[in-house]
Amino acid sequence: MVPLPSLPDSFSFTHRGIFAFLVFVIGILYLFSVLVLSIVGASGPQVFNESYTDLKTWHVDNNVTDVDDDGVLPEVLSWTKTFALGDLRSEEQLIYLKLQLRRLTPDMKDQEVTIISTVNVYGVDTADDSEHQVTTNDKTFQTVTWTGTNVNSEPFSLWAVPSIDYEKYSVQINLVPGDNQYRDYILSDNSILVEPDMVYVHTDFTQWSMGWKITFQILTILAMFSPLTMFDGLFAGFFVQMRNLPWRQWSDMQVWIACLLVGLFFFNDPFFPFEVFSDSQDTTVGLISCYIILLGGFLSMVLCFFLCTSEDISSEGMSQYLERKGAAYYVPKTILCGALWILLTCFYAIARLSNSGSPKYDQLDDNGTYYALEIVLGIFMGIWAAWFLVHMVKSLGRICSASLPYAFLFLITAFSATLMIVGILTGALYPLPDSSFRFLFFYGNFNLYVWVLAFAYAPEKSEDDGSTRELQDNNGLYDQLNPNDNHGMI
């Protein structure tokens, strides 16, 4: 067996002289925080609010004047309806408008028809009641389906806007049959029964999530720059403790943590209040786009960090961890995670900003673009997961004989990596959350994880001159696997 080297006193879990007790306390606080976040998230406000309206009868338009070659008035069916969306607030973030058609014979089997929809939308300035064009003649071929014995069709989308810039909107909808197939939804007088539905983000959730995002941002800033110096600087910010250590003496892990802290700040969406309260849709869309790019970058950076960390843990004798890594070590991981960054950014941007249908992750239209991105993203995530699991399985043999800090960090890394995979594949990290629990549980856990790493890898202050002690040899490792410094065997 290869002997494992001892770790330096610079690791916060060991250099305080009370590492076992400290790890126990941090572990309890970590689990308690996860529990609290779960409970608070589960009791949080509903994300989406749906404004249902009563079933309406849309009468056929009486504007057909043309005749065919035989002088016969053709059967041209068209239904037009104009209605207002009012009392809207910026905190409701978006509008998603959908319709359901009602058929006459509920005992029929699954049915599918084509409807041509044309939508004209105008924003109404309440100051002078002037109308501003939002979209004009937005024509779409809609596939309307009925399942089983349901009298109402599956909802189909007509229009969506990523932000609310007006208190009122005027929406004109025109529907025309797209084929001569099954028409059981048309009444004897050529009218149809329609049930409109407007979906928007609940104001309570917007305010609740904004409060949590600001809280996470403040705590992240404290984790970086806290000036508290009591207990030998134990609660000082990471960069405050690193300031007296020359850059070239930073370990790879400390460089990683510095990057993760900066990325975490942007992961917590510092632009969110400006996205909500901006008076310009262009500004809102620009800020959302910027956040999506930063979100994808942070998730990809964490995935790359997990790969590097798992490989370091599994390396025999931790020899790779003791050395500065070259391009051959980082390039393959960077290529894979860079591709994931591009895929995540494209998928989130299209779904959130260029989507005329439901913005909910689990209701995204199953079109070719989404399907192709999901397939490619699934392939790359599969490659990442296989790579990560190989290293983690190789590391399992060390857990039984590892010290408490090492085991604790190993477990929360494995747990956080699992959350990352689940969050990406299930849409929990999608820019528009679909539940308060998933939002707070996933976002809270990644914040806790990075904060714990920042605390663990901050350097020790020398008792002699108060400056940060120069790290030596294998600085920045996980913890003292052999706390007796006897180069024992694992």
Side-chain angles (χ1 to χ4, degrees), residues 252-253 255-269 285-286 288-315 320 325-355 361-362 364-394 413-433 442-443 445-446 449-450 453:
D252 283 348
M253 180 61 74
V255 174
W256 264 118
I257 293 170
C259 295
L260 289 175
L261 283 169
V262 175
L264 182 66
F265 176 78
F266 292 103
F267 171 71
N268 291 322
D269 198 359
V285 171
I288 294 175
S289 301
C290 183
Y291 173 64
I292 289 174
I293 294 172
L294 293 171
L295 172 63
F298 176 76
L299 297 180
S300 302
M301 178 169 60
V302 174
L303 289 172
C304 189
F305 170 75
F306 286 152
L307 277 184
C308 294
T309 303
S310 63
E311 182 170 339
D312 292 336
I313 294 173
S314 66
S315 298
Q320 291 189 36
K325 285 83 171 180
Y329 179 87
Y330 284 111
V331 168
K333 302 176 182 66
T334 303
I335 292 176
L336 175 61
C337 295
L340 287 170
W341 182 3
I342 295 173
L343 289 170
L344 285 170
T345 300
C346 291
F347 184 82
Y348 288 163
I350 293 174
R352 180 67 177 87
L353 299 173
S354 300
N355 177 22
Y361 185 85
D362 59 349
L364 295 176
D365 293 338
D366 189 17
N367 59 34
T369 303
Y370 292 140
Y371 183 75
L373 284 173
E374 287 176 347
I375 293 297
V376 177
L377 181 61
I379 292 173
F380 277 84
M381 283 301 301
I383 296 173
W384 181 92
W387 194 347
F388 177 78
L389 286 174
V390 167
H391 291 307
M392 293 303 283
V393 170
K394 291 171 62 178
T413 296
F415 178 65
S416 298
T418 302
L419 285 184
M420 177 68 73
I421 297 174
V422 173
I424 291 176
L425 296 181
T426 63
L429 298 172
Y430 178 60
L432 186 63
F442 281 87
Y443 277 73
N445 268 282
F446 287 121
Y449 176 67
V450 176
L453 290 179

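Counting from 1, the numbers follow the sequence of the chain as shown. Please read these numbers as outputs of a predicted model, since none were measured by experiment.
When all heavy atoms are compared, the tightest approach of M392 to A414 is CE-CB, 3.7 Å. Here the closest non-hydrogen pair linking G297 and W341 is N-NE1, 3.1 Å. Contact record, L453 with I257: O-CD1, 3.4 Å, taken as the closest heavy-atom pair. Taking all atoms of both residues into account, the shortest heavy-atom contact from A349 to I292 is CA-CD1, 3.8 Å. When every heavy atom of S416 is checked against every heavy atom of F446, the shortest pair comes out as O-CE2, 3.6 Å. Residue T334 comes nearest to C304 through the heavy atom pair N-SG, 4.5 Å, listed as atom of the first residue, atom of the second, then distance.
The main-chain N or O of Y329 is found under 3.5 Å from a side-chain atom of K333 such that the two form a donor-acceptor pair. At least one donor-acceptor pair under 3.5 Å links the side chain of Y291 to the backbone N or O of F267.
Expressed to the nearest 0.5 Å, how far CG of L419 lies from CD1 of I424 amounts to 11.0 Å. The line from CZ of F305 to OG of S310 is 10.0 Å long, rounded to the nearest 0.5 Å. Between the CG atom in L294 and the CE atom in M301 there is a gap of 10.0 Å [rounded to 0.5 Å]. Note: C346 SG to L377 CG = 10.5 Å, rounded to the nearest 0.5 Å. Interatomic distance, L295 CG to R352 CZ, rounded to the nearest 0.5 Å: 12.0 Å. Rounding to the nearest 0.5 Å places CG of D252 at 10.5 Å from OG1 of T309.
Other residues, nucleotides and ligands contribute over 12 non-hydrogen atoms within 6.0 Å of the CH2 atom of W256.
Between Y348 and Y430, the ring center distance clears the sub-6.0 Å criterion.
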Criterion side-chain contact (heavy atoms from CB on, under 4.5 Å) on Y330 and C308, from CA distance to verdict: CA-CA 8 Å; Y330 284 111; C308 294; 3.8 Å; yes
Derivation and outcome, side-chain contact (heavy atoms from CB on, under 4.5 Å), residues M420 and F442: CA-CA 8 Å; M420 177 68 73; F442 281 87; over 6 Å; no
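In this structure, W384 and F388 have parallel ring planes: the angle between them is below the 30° cut-off, well short of the 60° mark.
By the 4.5 Å heavy-atom criterion applied to side chains, L429 and L344 are not counted as neighbours.
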